[in-house]
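Naming: A, B, ... by sequence-line order, numbering from 1 per chain. The structure presented is a predicted model; accordingly, all values stated were derived computationally and were not measured.
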Amino acid sequence: MTWISKSITVVGGVLLAHACYSAQEHSALQSFKATASTLTSSPPTAASLPIDIAIETIIALLVVIFGLVLGTRPMRPIQWHVWAGKLEREGEEGFLDSEGEVNRDYVGNPFRSLETRPGFIDIRKQRKEFAAWVKNGGGQVSQ
Amino acid sequence: MPTEKELQISPLVPDSILHNSRTLVNLQSLTASLFGVAAGILGLESYSGFLFYLAFSLLTTALFYFVRVAPASPFASSTPAQKTGLFDTSRYFHSPIAFWTGGLGNGLAGYILTWTLFYGLVRA
């Protein structure tokens, strides 16, 4: 869960708790008034919750839902060709969860063991790639 | 259910299916409990309580759709060749009916639990 979704959820939770407490106090007050008044008074009708508590409950609910939905992890494609394409294009970065770490059940390239078979290494291509990488400034160790 | 031939031509990734459905079910179970809290506070009775659950559960799924599923689905892409229907979930979910209604039964128990609990607590 990202921090913004957590904060939105917490705000909504606080609103919901406040609405709950208000409703409980309201009903306690109503029953107190009913017992304190004379015995000939009519029995308390069904709960007449004040409209602002009801509105606060609904708004709190919407805020909490929004915060929770924002905190869900991104979906992954289920068709194999879409998934494989995404894996090749974005590598690990396409499968980060919300804290920026790679998901624990990230499998990676499923054919990696095939692609790195020792008998099929193209050493000249790898030398060229390494030379290009060094030339581009990769791996410079400052003294 | 796709036939075996369709599965051989365009296979599915079970790991992704599991991840997607688990996320959605977790969300729906969690929000169902919260709906119960609200229903208890509002003092809803029989039919209106269940309608409340149904309406807000569908609202949650729709919001989840618009936040997580729609932005990356082919509908959002600009190439006309890939435009699918407005409510297409096929990129991330197996079947649209399971997407929209699958979590309802799961969350119903949690909803009723917190609903009765908070109804009793708030009504003193």
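Both I59(A) and L44(B) belong to a single network of hydrophobic side chains, linked directly or stepwise wherever heavy atoms of I, L, V, M, F, W or Y lie under 4.5 Å apart. L58(B) and V69(A) fall into different hydrophobic clusters, where Ile, Leu, Val, Met, Phe, Trp and Tyr residues are linked whenever their side-chain heavy atoms come under 4.5 Å apart, directly or through other members. Under a hydrophobic clustering in which Ile, Leu, Val, Met, Phe, Trp and Tyr are joined whenever their side-chain heavy atoms come within less than 4.5 Å, directly or via other members, L108(B) and L104(B) fall into the same cluster. Linking Ile, Leu, Val, Met, Phe, Trp and Tyr residues whenever their side-chain heavy atoms come within less than 4.5 Å places L42(B) and L117(B) in a single cluster. Connection of F66(B) to V63(A) is established within a shared hydrophobic cluster, with ILVMFWY side chains joined at heavy-atom distances below 4.5 Å, either directly or through further cluster members.
Contact tally against chain A (heavy-atom pairs below 4.5 Å) for I41(B), L59(B), L24(B): the top residue is I41(B). Among L62(A), T57(A), L16(A), the residue making the largest number of heavy-atom pairs under 4.5 Å with chain B is T57(A).
Contact of L27(B) with chain A is made through the side chain alone, with heavy-atom distances under 4.5 Å. For Y21(A), no part sits under 4.5 Å from any heavy atom of chain B, backbone or side chain.
Around CZ of R124(A), the count of heavy atoms belonging to other residues, nucleotides or ligands within 6.0 Å does not exceed 12. Surrounding CD1 of I97(B) are at most 12 heavy atoms belonging to other residues, nucleotides or ligands under 6.0 Å away.
Proximity of a side-chain donor or acceptor of S16(B) to a complementary backbone N or O of P77(A) within less than 3.5 Å is detected. Remark: the backbone N or O of R73(A) is not paired with any side-chain donor or acceptor of T23(B) at under 3.5 angstrom.
Y65(B) OH to M75(A) CE: the interatomic distance, rounded to the nearest 0.5 Å, is 13.5 Å. If you take CD1 on I65(A) and OG1 on T31(B), they are separated by 6.5 Å, rounding to the nearest 0.5 Å. Atoms CD1 and CD1, from I17(B) and I78(A) in turn, are 4.5 Å apart once rounded to the nearest 0.5 Å.
The shortest non-hydrogen separation linking F52(B) to I58(A) is CE1-CD1, 4.3 Å. Nearest heavy atom pair, residue D15(B) against residue R76(A), reads OD2-NH1, 3.3 Å. Scanning both residues, F64(B) and T72(A), for their nearest heavy atoms gives CE1-OG1, 3.7 Å.
At least one side-chain heavy atom of L34(B) sits less than 4.5 Å from a side-chain heavy atom of L68(A).
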